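First up is the structure itself, then whatever we jot down about it.
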Amino acid sequence: MNDLPPGGARAVARCDALGVAPYSDMAGGLYRGYLTPAYTAAQQALAGWMEAAGMAVRRDPAANLVGRYPGEVADAPALLIGSHIDSVRDAGRYDGPLGVMLGIECVDALRTRGRRMAFPIEVYAFGDEEGSRFPAAMLTSRAVAGTLDPAALDLADGEGVALADAGVDVAAYLDAARAPGSAMAYLEAHIEQGPVLEADGLAVGTVTGIAAQLRYEVTVRGMAGHAGTTAMRLRRDALAGAAAMVLAIEQVARCDNSDLVATVGRIEALPGAANVIPGEVRFTIDVRSGDAARRDRAARAILDRLREIAEARDLELATELIHDLPASPCDPALMDLMDDALADAGQPVRRLVSGAGHDAMVMAALCPTAMLFIRCKGGVSHNPAEHVDPADAEVALRVMLGFIERLGAAA
Ligand code: GLV
Ligand code: MN
Ligand code: MN
């Protein structure tokens, strides 16, 4: 393996290159929303890198960028390698793009060695994993996996721009679906976004599965009024009510003493003026656990508490479920292959579960999935301080190449 180019370091450097304008929509930091100018610019850069690695590049109807490296058997089901290039607001540079860059590096390493697998390899740069622009998530991988309900495309972003006007043909969107049987497996490499590998002194680990997620959009309505003249006992303050709700949500999750987590990550008070009692508040709730029944139980408890608080404060409450993803175990046979690839690369074998969501949990509806986690500094993610050691990315690349070879031998 000493003949390998330093693809892991290059993968990290390319993520860094995409961390600034024109690949970011935000001054002084990274935000790359689905279908924004930064998204298009990033796709242009990626297309060049995919072509240089020997791939034919296309943009599919869901605006995913896809590079294809042919196999020896033209119509054989493809190995898909993917991750996402959209980001959260004020993001780190590696959550998502690193998996795409490593996919490109795998193909580049094979091309450099004159190696073609029996099966084609397709690298997917997915577009909407984070749900940071439109109130949905994983739209583009759901389109590819064939699980997207067309009604889910009736969306607008925070500025009121409809998905249909954002640069995709919504009528053709579902044509991004792959034919069942056209994919042999899906492989995703991703930073761990947690501290386990670092604590254990490991560069990489085999993922066993991904926690189940629920996401709600909540609207609390009270009555806007004058902040100077409305007596406290006469107020119907939507923000004070929402504050009680946020603490109740935290309380439900803390009392569970398990892997259950619940988060209010976005909150907006209207009309949003210092001298006006907030008449309306909107916020999101994200609930996750490896155990779907536990997640659902907690979500019911949370919604019950919200109703109690709304009633006690004479507020109107509306909740909408915007995201429901079941737990997604990785394929046991592929986990074994990944463990073997870890051992081949001289790495201790370590398995761990993912609390973060990934496109892999959607792609599991299409084909068996495998994930490789890569250590990130301090477990920090969704934060500009996110950091990956290029040497760890190098290890990940070796493991991925070993996994591909083992997949070829097992096919
Ligand atoms: C994606 O990063 C998620 O887990 O929400
Ligand atoms: Mn993320
Ligand atoms: Mn991610």
Side-chain angles (χ1 to χ4, degrees), residues 11-12 15 18-19 24 26 29-34 39 42 64 81-103 123-142 186-197 207 209-217 253 259-266 284-290 292 295 321-328 330 352-364 369 371-376 379-388 393 396:
V12 171
C15 293
L18 296 193
S24 169
M26 170 185 160
L30 173 59
Y31 166 55
R32 192 161 48 240
Y34 177 44
Y39 182 81
N64 294 305
I81 305 179
S83 192
H84 59 99
I85 59 164
D86 67 319
S87 79
V88 294
R89 288 168 200 272
D90 205 13
R93 296 174 168 182
Y94 313 103
D95 170 7
L98 185 59
V100 179
M101 303 308 175
L102 286 171
V123 176
Y124 271 80
F126 290 118
D128 170 59
E129 194 266 2
E130 301 285 8
S132 50
R133 177 171 178 196
F134 295 95
M138 306 202 197
L139 281 178
T140 71
S141 45
R142 282 192 279 159
Y186 172 78
L187 168 64
E188 181 166 350
H190 203 287
I191 57 167
E192 182 201 339
Q193 305 180 277
V196 173
L197 291 172
V207 179
I210 305 171
Q213 300 184 10
L214 281 179
R215 221 171 272 174
Y216 295 90
E217 186 95 38
D259 71 335
L260 181 89
V261 287
T263 307
V264 175
R266 182 165 56 73
T284 53
I285 314 174
D286 179 301
V287 188
R288 304 185 193 196
S289 166
R295 172 202 71 166
L321 180 64
I322 55 169
H323 191 57
D324 179 356
L325 290 174
S328 173
C330 291
L352 69 171
V353 71
S354 174
H358 300 289
D359 293 296
M361 68 197 302
V362 168
M363 296 299 281
T369 58
M371 282 198 75
L372 179 69
F373 266 174
I374 304 161
R375 166 169 57 190
C376 61
V380 173
S381 184
H382 285 187
N383 184 310
E386 206 172 80
H387 179 78
V388 179

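In listed order, ligands and their atoms are each counted from 1. All values derive from a computational prediction rather than experimental measurement.
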Given S87, which of R32, M26, E129 fulfils the side-chain contact (heavy atoms from CB on, under 4.5 Å) condition?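 Of R32, M26, E129, side-chain contact (heavy atoms from CB on, under 4.5 Å) with S87 is met by R32 alone.
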Closer than 2.8 Å to the Mn ion (ligand 2): does that hold for any N, O or S atom in H84?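 Within the cut-off used here (under 2.8 Å), H84 places no N, O or S atom near the Mn ion (ligand 2).
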Under a 4.0 Å N-O cut-off, is there an ion pair linking E217 with R266?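 A salt bridge is present here (some side-chain N lies under 4.0 Å from a carboxylate O).
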Name of the E130 atom (N/O/S only) found closest to the Mn ion (ligand 2):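 This turns out to be OE2.
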Which of the N/O/S atoms in H190 sits closest to the Mn ion (ligand 3)?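 Among the N, O or S atoms of H190, the one closest to the Mn ion (ligand 3) is NE2.
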Looking only at N, O or S atoms, find the one in D95 nearest to the Mn ion (ligand 3) and name it.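 For D95, the N, O or S atom at the smallest distance from the Mn ion (ligand 3) is OD1.
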From H323 NE2 over to L214 CG, what is the distance, rounded to the nearest 0.5 angstrom?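 Result: 9.0 Å between the selected atoms.
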Flag the pair V207 / H190 as yes when at least one side-chain heavy-atom distance between them is below 4.5 Å, and no otherwise.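 In short, these two side chains do not touch, never coming nearer than 4.5 Å.
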Flag the pair E130 / D95 as yes when at least one side-chain heavy-atom distance between them is below 4.5 Å, and no otherwise.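 They are in contact (side-chain heavy atoms under 4.5 Å apart), so the answer is yes.
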Inventory of protein N or O atoms under 3.5 Å from ligand 1 N or O:
from: ligand 1; atom 1: 2 (O); to: E130; atom 2: OE1; distance (Å): 3.1
from: ligand 1; atom 1: 2 (O); to: H382; atom 2: NE2; distance (Å): 3.0
from: ligand 1; atom 1: 4 (O); to: R288; atom 2: NH1; distance (Å): 2.6
from: ligand 1; atom 1: 4 (O); to: R288; atom 2: NH2; distance (Å): 3.2
from: ligand 1; atom 1: 4 (O); to: G357; atom 2: N; distance (Å): 2.6
from: ligand 1; atom 1: 5 (O); to: R215; atom 2: NH2; distance (Å): 3.4
from: ligand 1; atom 1: 5 (O); to: R288; atom 2: NH2; distance (Å): 2.6

For the residue pair D128 / H84, report whether a side-chain donor-acceptor contact shorter than 3.5 Å exists.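 No - no donor-acceptor pair under 3.5 Å links their side chains.
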From S141, S354, S83, residue fulfilling side chain to side chain donor-acceptor pair (under 3.5 Å) relative to E188: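 With E188 as partner, S141, S354, S83 yield a single side chain to side chain donor-acceptor pair (under 3.5 Å), made by S83.
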On the 0 to 90° scale, with breaks at 30° and 60°, tag the F126-Y186 ring pair as parallel, tilted or perpendicular.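 F126 and Y186: tilted rings.
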